[in-house]
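A short write-up of the structure that comes next.
Order of the sequence lines fixes the chain letters, A, B, ..., with proteins taken first and strands second; residue numbering starts at 1 for each chain.
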Amino acid sequence: MPITSTESTATCPECDGRPRTHNGETICDECGLVLDEYYIDHGPEWRSFNDDTTNSKRTGAPLTRSRHDRGLSTEIGRSTRMNGRKRRLFARLRRQHNRARISTKRERNQVYAFNEIRRLTGVLSVPDQIRDHACSLFRSAQNEDILRGRSLEGFAAACVYAACRVASVSRTQKEVTAAAKATAAEQQAAYDALNRELKLPIGPINPAEYLSRYASELELPTDVERCAREYAAGLSQDGALGGRNPSGVAAGCLYAAAIKYGVDVTQKEVGAVADVTPVTLRATYHDVCKED
DNA sequence: ACGATTATTGCGTTCTT
DNA sequence: AAGAAAACAATAATCGT
């Protein structure tokens with residue numbers, strides 16, 4: 001999905017400036033007013049696999065927080081004024097209608113979740129392969145019936161996060177939550193369930209997974225990044241990072257490497273991109289200093 | 001619920017200009 | 001000497017189990 005800045009034809013209600021949509025947010029150029037929080041994808045609809053559901057229904061009330069039975073429902077009422085053939089006919093209709101309704105609801109959920117996953121992977125700019133994996137995770141979740149009572153948005157976010165983890169292209173949970181419609185708690189609940197039921201092959205996060213991303217955000221030279229990678233490898237071999245925040249470890253190694261190469265950055269700056277405080281960053285920085 | 005890690009805040013110290 | 005950055009300590013919050 002392209003992450004582009006596009007001009008909108010409408011003008012900002014506050015100052016008549018030109019709103020732009022960027023990274024999923026529509027923001028006014030002039031006054032910074034956020035007009036639309038969510039990314040609307042006008043691209044061709046994307047379906048995951050060669051599934052045979054060709055006649056998807058896409059009408060009806062918009063899904064809210066998807067508890068199991070919210071959304072549209074049409075019941076065929078029971079009447080005492082019928083009997084005999086007619087009564088049996090309507091019983092059959094009711095049965096079939098309910099079956100059909102459940103199947104379309106399931107499909108609608110899937111379409112909704114896929115769109116959300118698609119939006120998230122776009123905002124977080126992760127590769128298409130991971131996006132597809134996230135969708136396949138969601139289908140597995142549906143098949144295992146672990147969505148019941150939990151929010152769709154949470155599962156969408158959790159699937160994206162999980163797909164990143166298994167592909168070793170980690171984003172922090174915070175990063176995903178920030179882009180997601182789900183709350184942190186919903187995402188957490190969904191991710192826990194996903195992990196528990198599907199037994200995902202997820203090990204501890206290697207701090208090195210964050211290095212290249214942080215390094216490029218700080219515009220550090222490749223020498224520094226490579227050096228930081230060595231530091232991280234050394235620390236993990238010594239087992240010096242039990243239980244530490246991997247994001248903080250990455251930041252510490254990056255900072256240490258930058259200092260060594262005489263690059264001018266502050267702990268505060270490095271901490272900002274890694275979303276940790278200078279204090280936590282310092283902990284591994286000191287460990288690195290002890291190494292040599 | 002508990003232990004460890006991390007965030008936050010405040011404050012004296014060190015380094016730079 | 002002044003200002004910024006790093007260091008340190010205490011307490012609150014959070015996380016993993």
Side-chain angles (χ1 to χ4, degrees), chain A residues 120 124 137 141 146 150-151 153-211 213-215 217-221 224-225 227-228 231-292:
Chain A
L120 281 174
L124 297 169
L137 281 177
I146 57 182
R150 297 187 248 260
S151 93
E153 292 84 353
F155 265 95
C159 287
V160 171
Y161 175 69
C164 287
R165 284 289 297 272
V166 303
S168 296
V169 196
S170 286
R171 311 286 130 148
T172 60
Q173 268 182 307
K174 255 190 182 175
E175 285 174 300
V176 178
T177 310
K181 289 181 188 175
T183 67
E186 285 169 341
Q187 182 183 329
Q188 188 67 47
Y191 178 67
D192 287 346
L194 213 58
N195 229 346
R196 181 160 17 90
E197 305 295 332
L198 264 43
K199 308 246 188 293
L200 299 175
I202 291 181
I205 302 174
N206 185 337
E209 291 177 33
Y210 295 124
L211 283 179
R213 204 152 49 88
Y214 292 165
E217 258 188 79
L218 289 162
E219 294 174 347
L220 296 172
V224 172
E225 183 189 332
C227 179
Y231 285 154
L235 285 177
S236 62
Q237 278 215 327
D238 300 355
L241 35 83
R244 285 250 180 91
N245 179 356
S247 190
V249 174
C253 293
L254 223 41
Y255 176 74
I259 295 302
K260 180 173 181 176
Y261 279 78
V263 180
D264 187 31
V265 287
T266 67
Q267 297 179 346
K268 199 174 162 190
E269 288 167 338
V270 179
V273 310
D275 197 27
V276 293
T277 58
V279 183
T280 42
L281 175 160
R282 210 134 53 207
T284 57
Y285 170 56
H286 287 142
D287 288 347
V288 173
C289 290
K290 278 182 214 143
E291 289 280 316
D292 334 280

Sorted by chain and residue number, the salt bridge (Lys or Arg N to Asp or Glu O under 4.0 Å) partners of A/Arg213 (sequence neighbours excluded) come out as A/Glu175
Starting from P on B/dT6, measure out to CG on A/Asn245 and report it in whole angstrom.
6 Å
Test of understanding: with salt bridge (Lys or Arg N to Asp or Glu O under 4.0 Å), list the residues that count as partners of A/Glu209, not counting sequence neighbours.
none
Protein-nucleotides 11-17 of chain C N/O pairs under 3.5 Å:
none

Nearest-Å distance, CD (A/Glu269) to C1' (C/dA4)?
12 Å
Quick one: salt bridge (Lys or Arg N to Asp or Glu O under 4.0 Å) pairs with a partner in residues 268-280 of chain A, sequence neighbours left out?
A/Lys174-A/Asp275
If you define the side chain from C-beta out and look only at heavy atoms, does anything of A/Val224 sit under 4.5 Å from A/Leu218?
no
OG1 (A/Thr177) and CD (A/Gln187) are apart, to the nearest 0.5 Å, by 3.5 Å
When you compare the side chain of A/Val270 with that of A/Tyr214, does any pair of heavy atoms fall below 4.5 Å?
no
Under 4.0 Å between a side-chain N/O of A/Thr280 and OP1 or OP2 of B/dA7, yes or no?
yes
Donor-acceptor side-chain pairing of A/Tyr210 and A/Thr172 below 3.5 angstrom:
no
Produce the list of close N/O pairs, under 3.5 Å, pairing protein atoms with atoms of nucleotides 5-9 of chain C; give distances to one decimal.
from: C/dA6; atom 1: OP1; to: A/Tyr255; atom 2: OH; distance (Å): 2.9
from: C/dA6; atom 1: OP2; to: A/Gln267; atom 2: N; distance (Å): 3.3
from: C/dA7; atom 1: OP2; to: A/Gln267; atom 2: NE2; distance (Å): 2.9

Sequence neighbours left out, cut at 3.5 Å: what donor-acceptor pairs do the side chains of residues 188-196 of chain A make with other protein atoms?
from: A/Gln188; atom 1: OE1; to: A/Gln173; atom 2: NE2; distance (Å): 3.1
from: A/Gln188; atom 1: NE2; to: A/Asp192; atom 2: OD1; distance (Å): 3.1
from: A/Tyr191; atom 1: OH; to: A/Asn195; atom 2: ND2; distance (Å): 3.3

